[in-house]
**Q** 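The following block contains the structure, expressed as structure tokens.
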Amino acid sequence: MSPTNRTVVVTGIGATTPLGGDSASTWEGLLAGRSGVRPLEGERFANLPVRIAATAAVDPGDVLPRPLARKLDRSAQFALIAAREAWADAGFTARAGEDASVDPDRLGTVIASGIGGVTTLLDQYDVLKERGERRVSPHTVPMLMPNSPSANVSLEVGARAGVHTPVSACASGAEAVGYAVEMIRTGRADVVVAGGTEAAIHPLPMAAFANMMAMSKNNEHPTEASRPYDTGRDGFVMGEGSGVVVLESAEHAAKRGARVYCEVLGQGLSSDAHHIAQPEPTGRGIAKAMQNLLDSSDLKPSEVMHLNAHATSTPQGDVAEIKALRRVLGDELDHVAISATKSMTGHLLGGAGGIETVATALALYHRVAPPTINIDQLDAEVDADVVRGEPRPLPSGTIAAINNSFGFGGHNVVLALRTV
Amino acid sequence: MAFTQEEIVAGLGEIVNEIAGIPAEDVQLDKSFTDDLDVDSLSMVEVVVAAEERFDVKIPDDDVKNLKTVGDAADYIAKHQS
């Protein structure tokens, strides 16, 4: 098989999310239909129009050793925790090189973030104003730079084939996974740790998103606020956390006898060129990304049995996505079980593509689609099979799933995964 | 107010513990910040700033490079405290 045609598989999974401090508890929360959205306590959130968010179930500062945690922005803390879980889950026992089954020069890292170390930036600006320049942390720059999570994960695992950070707003995590697939497919690496992370629950980003009219203001009923496809939806709920996968060439995984969750067939990309912060309402760009995926991979629409939708719970975006799917998949959309996991995790922005890749891989591996919660009345324009109530078993045989992520700026990323 | 050398070493111990996670009792006069106490160059800036505040001294950046050991820092602080 030529280096540009190598099969890429998922061999490790890790997460820390609003539903749990690892991928197992997150997956359990998704299947149970549990909401991770909570009221935001504390004076600094008291006067905001939005006072709810899907905060992390386990505080990362309680998981990492204190001297390490204080040198990392919260977004990097999440990424490191998820990456450690994924790395161990893939069967690696030490850094590359020390674990002889992986060559450091053939190992890469691609971890994305939408906003980077925004809480570090804002908190250190407060330090500057209140305590003076001498007290500003010397770690500020390595903490706030958006490539910090990816760089810190590369330090952790000893990755020397390249460390990358695609930034494409809420599509970032999915773009990272797609980039990692390309690194392996084109022969630059055998193993890549990839995913997304975000930690932006701070009054400034919360106020800014609220003023864009993009967020749910359902402060009185936090667990019901994120409701994709429901007629009562009024915007997304911000979440935080990280989802990371270990991707590997199938050959490399076989050689070391690794457990394989699924194959990643590739990604379809496009851009809207429509508006900086609004989705193109007909779903034209999304359809184009999907078509590009079908054209560039050997995915057959008849194989697609599951879809983790982008579905943020905004009225415009959720419907545009469904319209695009119908346009490209036609009648084949009728056998696709659609899950909108943001109904439970909230919207992890640059972390969303990471955690949703984790959720999609686990759905294929366990052959079950998580439910979408909070749909009391399905929007009549949502002409598709959305899983509600209980988790839905997925068929046996070779089946594929799609993971969609779209971001402010018109970024459309569609990933396809398939059972092995 | 002047601090005794014992108080300064104990104070540095607490600072290094907070920043590098090293037990405070391991922070002794002959210990090198970088080689023994896991304090890298960026973290050393944190140690210095915390020491300045705690012991009411000014430690200019040019002098920081001469503070290799806990003993160097304790002597410097003892000599320069107001």
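Because only heavy atoms are used, hydrogens play no part in the values below, and waters and symmetry mates are left out as well, while side chains stay in. Note on naming: letters A, B, ... go to the chains in the order of the sequence lines (proteins, then strands), and numbering restarts at 1 for each one. In this text, all values refer to a predicted model and were calculated from it rather than measured experimentally.
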**Q** Quick one: does A:Ser137's side chain get under 4.5 Å of B:Val45's, heavy atoms only?
**A** no
**Q** Strictly distance-based, threshold 3.5 Å: is any side-chain N or O of A:Arg66 a donor or acceptor partner for the main-chain N or O of B:Gly21?
**A** no
**Q** Counting only non-hydrogen atoms closer than 4.5 Å, does B:Glu18 touch chain A with its backbone (N, CA, C, O), its side chain (CB onward), both, or neither?
**A** both
**Q** Can you tell me how far apart CZ (A:Arg134) and NZ (B:Lys58) are? Round to the nearest 0.5 Å.
**A** 7.5 Å
**Q** Please check if the number of heavy atoms outside A:Lys129 that lie under 6.0 Å from its NZ is greater than 12.
**A** yes
**Q** Would you call A:Arg131 and B:Glu53 a salt bridge, taking side-chain N to carboxylate O under 4.0 Å as the test?
**A** yes
**Q** Would you find more than 12 non-hydrogen atoms of other residues, nucleotides or ligands less than 6.0 Å from A:Asn47 atom CG?
**A** no
**Q** With a 4.5 angstrom heavy-atom cut-off, is it the side chain or the backbone of B:Asn17 that approaches chain A, or both, or neither?
**A** both
**Q** Can you find a heavy atom in the side chain of B:Ser43 that is under 4.5 Å from one in the side chain of A:His139?
**A** yes
**Q** Can you give me the closest heavy-atom contact between B:Leu42 and A:Pro138, atom names plus distance?
**A** O-CG, 3.1 Å
**Q** Would you give the length of the straight line joining atom CD1 of B:Ile19 to atom NZ of A:Lys71, rounded to the nearest 0.5 angstrom?
**A** 10.0 Å
